Amino acid sequence: MDTHKPILKVDGIRVSYGKKEILQGVDFEVAPGETLCLLGANGSGKSTAMNAISGFVGCTHGKIELDGEEIQNLPAHKTFRLGMVQVSQARDLFPQLTVEDNLKLGAQVRSKSTMLEELERVYDYFPRLRERRLQRVMTLSGGEQQMVAIGRAVMARPRVLLLDEPSGGLSPQFVNEIGTIISALKEDGATMMMIEQNLGLAFKVADRFIILRDGVVVDGGTVADYADDHEQVVKSIYL
Amino acid sequence: MLMQLTVSGLSQGAIYALIALSLTVVFRATTVVNFGHGDFVLGGAFGVYVLVVMLGLPFLPSAIAAIALMFACGILISRGFIDPIKAGPHIGFAMMSISLGYIFRGTTRSIWGREVLPMPRVFDIPPIFVGDLVITGDAMIISGTVAILLAGFFVVFYKTSIGKVIQAVYQSERGATLIGINVKRFHDMMWGAGLAMGAVAGILIAPISLLHPDLGAGFLIRGFAAMTLGGFGSLGGAVAGGLILGVTEQYAGAYINTALIDITSYLVILVVLVVRPSGLFGKRAVVRV
Ligand SMILES: Nc1ncnc2c1ncn2[C@@H]1O[C@H](COP(=O)(O)OP(=O)(O)OP(=O)(O)O)[C@@H](O)[C@H]1O
Ligand SMILES: [Mg+2]
């Protein structure tokens with residue numbers, strides 16, 4: 001296999017809500033095993049870009065490829081079946097079902113035969129969830145719910161894992177825990193694209209970042225090059 | 001007397017329970033209140049009538065064919081008439097379901113006129129006597145069939161992985177899409193299942209009642225009353241509501257006035273909505289202030 005070939009390739013996508021064009025030609029790539037972080041101010045179109053990749057919104061122009069296969073404008077349940085698995089900003093869990101049922105449902109379509117192995121694997125990443133496996137999700141804290149959301153996605157054996165603000169609304173302790181888990185997933189070879197406002201977390205786990213502003217990618221680089229210079233990145237995002 | 005009324009009320013109520021449950025299945029899955037449902041219940045009854053009386057087929061295969069036909073009809077409605085209008089105002093669903101029901105009713109009327117169609121009896125089971133209580137063969141067949149069907153339904157819903165998926169889609173459609181469920185196809189299936197379950201009710205009463213095209217309205221209001229009583233959206237509540245409604249009708253008819261039977265449903269809806277709007281098992285709406 002050619003390791004330089006991107007597993008996810010986004011090529012000139014444009015997305016509009018009504019007359020308003022939110023993405024005006026966005027390009028980027030993610031290599032196998034890489035973690036790319038998408039940065040940008042509120043409302044800059046980060047979630048929109050991710051939803052275009054997962055198929056929740058359609059593109060008017062451009063191409064999206066998953067391992068060479070064109071997936072732009074496929075409905076979301078189909079991109080999922082191909083391995084594009086998203087943890088959405090709103091988490092979208094099943095509140096009345098237990099932690100374990102939520103997790104198992106993640107494997108229902110893509111990895112049913114290995115469901116119990118996946119479940120053990122997820123509980124190893126999230127010991128906190130193992131303790132609460134029979135608790136209804138609606139009774140969990142926000143941080144625990146975020147863990148269920150990530151765990152449910154991991155259950156599906158994603159080829160590309162899309163994370164929309166995994167630290168959103170969480171306390172510093174949970175941000176740390178989530179960061180550790182994302183790092184562990186990365187160690188185990190996961191390919192990820194994440195949206196993150198928390199630069200501390202973003203720079204701890206990502207290999208590379210790009211910045212979205214006014215519907216286009218305005219900047220980017222490898223995390224290593226900016227390790228001590230977050231200020232420069234912050235300027236690019238907001239100024 | 002009281003026991004006798006209770007027995008016939010429960011057997012009648014079993015039919016209402018099935019109608020209310022089938023309405024609820026569609027409602028929970030799609031948020032559509034199917035105002036045409038009474039006519040589709042009748043569709044099941046007319047289906048067996050045509051197959052048994054006009055084509056001379058045996059009852060059981062006819063019943064299965066009628067159920068399959070109504071299932072297909074549900075999918076057709078979902079794909080052809082409900083999905084295309086989902087971007088419009090929500091009341092469009094109500095208008096659409098009323099219109100579909102009336103078109104269905106009008107079609108049966110234009111074929112059969114308004115005449116009453118008797119069907120030969122099919123369940124020929126002798127009644128059982130318990131003391132001076134008589135349990136008719138019809139009551140046994142109806143309650144037995146409905147009981148088996150309901151037991152199957154609740155086992156599938158709460159105990160199987162398919163049931164878990166259905167519960168999941170009920171709770172979050174976006175969440176369901178995020179685990180690879182085709183929600184549009186799910187809606188089709190729920191419409192199919194709803195109409196098929198309603199058809200079973202129609203089929204069960206076909207051999208014991210006089211069929212005519214306007215019978216559907218009565219089914220619909222009884223389904224609504226059972227849903228209201230049980231709490232909108234509650235599956236168990238729909239069943240309990242149906243049974244209680246059946247018994248209430250019998251008591252009201254015997255002890256107060258037979259004319260009450262036909263308006264019991266309306267009275268139940270009025271009283272429940274005023275006294276306890278969430279019904280017996282519904283979730284109480286939280287009013288944020
Ligand atoms: N369904 C929609 N219909 C119309 N406009 C929308 C819709 N969803 C998003 N928008 C608009 O598109 C723009 C980009 O939204 P998006 O959610 O992609 O931003 P974001 O970068 O993820 O922001 P945040 O950091 O706040 O999550 C915003 O101006 C938003 O109001
Ligand atoms: Mg967002």
Side-chain angles (χ1 to χ4, degrees), chain A residues 18 47 50-51 53-57 74-98 100-113 115-116 118 136-138 145 148-158 161-164, chain B residues 24-25 27-31 75 78-79 82-84 86-89 154-190 231-238 278 281-286 288:
Chain A
S47 294
M50 191 172 272
N51 284 329
I53 294 169
S54 58
F56 279 97
V57 299
L74 279 187
H77 69 272
K78 288 207 175 134
T79 65
F80 173 91
R81 285 166 195 224
L82 294 173
M84 191 66 79
V85 178
Q86 184 183 14
V87 176
S88 61
Q89 195 165 5
R91 299 182 192 132
D92 299 298
L93 296 168
F94 309 118
Q96 320 243 33
L97 297 181
T98 62
E100 187 147 313
D101 281 340
N102 270 269
L103 294 175
K104 282 180 170 172
L105 280 162
Q108 185 73 24
V109 172
R110 261 180 67 79
S111 48
K112 196 164 185 187
S113 57
M115 186 184 277
L116 294 180
E118 308 303 334
R136 282 187 192 211
V137 159
M138 62 193 228
Q145 292 190 6
V148 177
I150 298 173
R152 184 178 73 178
V154 170
M155 289 290 293
R157 299 202 133 276
L161 180 58
L162 306 173
L163 299 165
D164 195 342
Chain B
T24 305
V25 164
F27 172 65
R28 280 281 292 272
T30 64
T31 73
I75 289 182
S78 171
R79 294 231 177 121
I82 299 296
D83 187 64
K86 66 172 183 256
F154 283 101
V155 167
V156 169
F157 193 82
Y158 287 109
K159 296 283 171 218
T160 68
S161 64
I162 293 177
K164 284 276 155 55
V165 170
I166 299 175
Q167 291 185 55
V169 194
Y170 277 5
Q171 289 173 33
S172 169
E173 293 197 346
R174 198 178 143 105
T177 309
L178 285 169
I179 59 163
I181 307 296
N182 183 346
V183 171
K184 195 164 142 180
R185 214 178 90 207
F186 174 83
H187 287 170
D188 295 344
M189 290 300 142
M190 290 299 114
F232 296 114
S234 163
L235 298 162
S278 56
F281 302 100
K283 292 200 186 60
R284 228 158 278 182
V286 179
R288 288 182 196 277

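Throughout, a chain's letter reflects where its sequence line sits, starting with A, and its residues are numbered from 1. Given the structure is predicted, the values throughout are model-derived calculations rather than measurements.
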**Item:** A:Lys112 versus chain B, the contacting section by heavy-atom distance below 4.5 Å
**Value:** side chain

**Request:** Just do the side-chain contact (heavy atoms from CB on, under 4.5 Å) check on A:Arg152 and B:Ile179 with the steps written out, would you?
**Result:** CA-CA 8 Å; A:Arg152 184 178 73 178; B:Ile179 59 163; 3.7 Å; yes

**Item:** Beyond-backbone contact of A:Pro75 with B:Lys184, side-chain heavy atoms, under 4.5 angstrom
**Value:** no

**Item:** Value rounded to 0.5 Å, distance of CZ in A:Arg81 from CG in B:Asn182
**Value:** 6.5 Å

**Asked** Can you say whether A:Ala156 sits under 4.5 Å from chain B via the side chain, the backbone, both, or neither, judging by heavy atoms?
**Response** neither

**Request:** Heavy-atom distances under 4.5 Å only: say whether A:Leu93 touches chain B with side chain, backbone, both or neither.
**Result:** backbone

**Request:** Walk me through it: do B:Ile181 and A:Phe80 pass the test side-chain contact (heavy atoms from CB on, under 4.5 Å)?
**Result:** CA-CA 9 Å; B:Ile181 307 296; A:Phe80 173 91; over 6 Å; no

**Request:** For B:Gln171 and A:Gln96, indicate whether the former's side chain and the latter's backbone hold a donor-acceptor pair under 3.5 Å.
**Result:** yes

**Asked** Rounded to the nearest 0.5 Å, how far does CZ of B:Arg174 lie from CG of A:Asn51?
**Response** 5.0 Å

**Request:** Please step through side-chain contact (heavy atoms from CB on, under 4.5 Å) for the pair B:Lys164 and A:Phe94, ending with a clear verdict.
**Result:** CA-CA 10 Å; B:Lys164 284 276 155 55; A:Phe94 309 118; over 6 Å; no

**Request:** Indicate the atoms forming the closest heavy-atom contact of A:Leu97 with B:Gln167, along with that distance.
**Result:** CD2-OE1, 3.4 Å

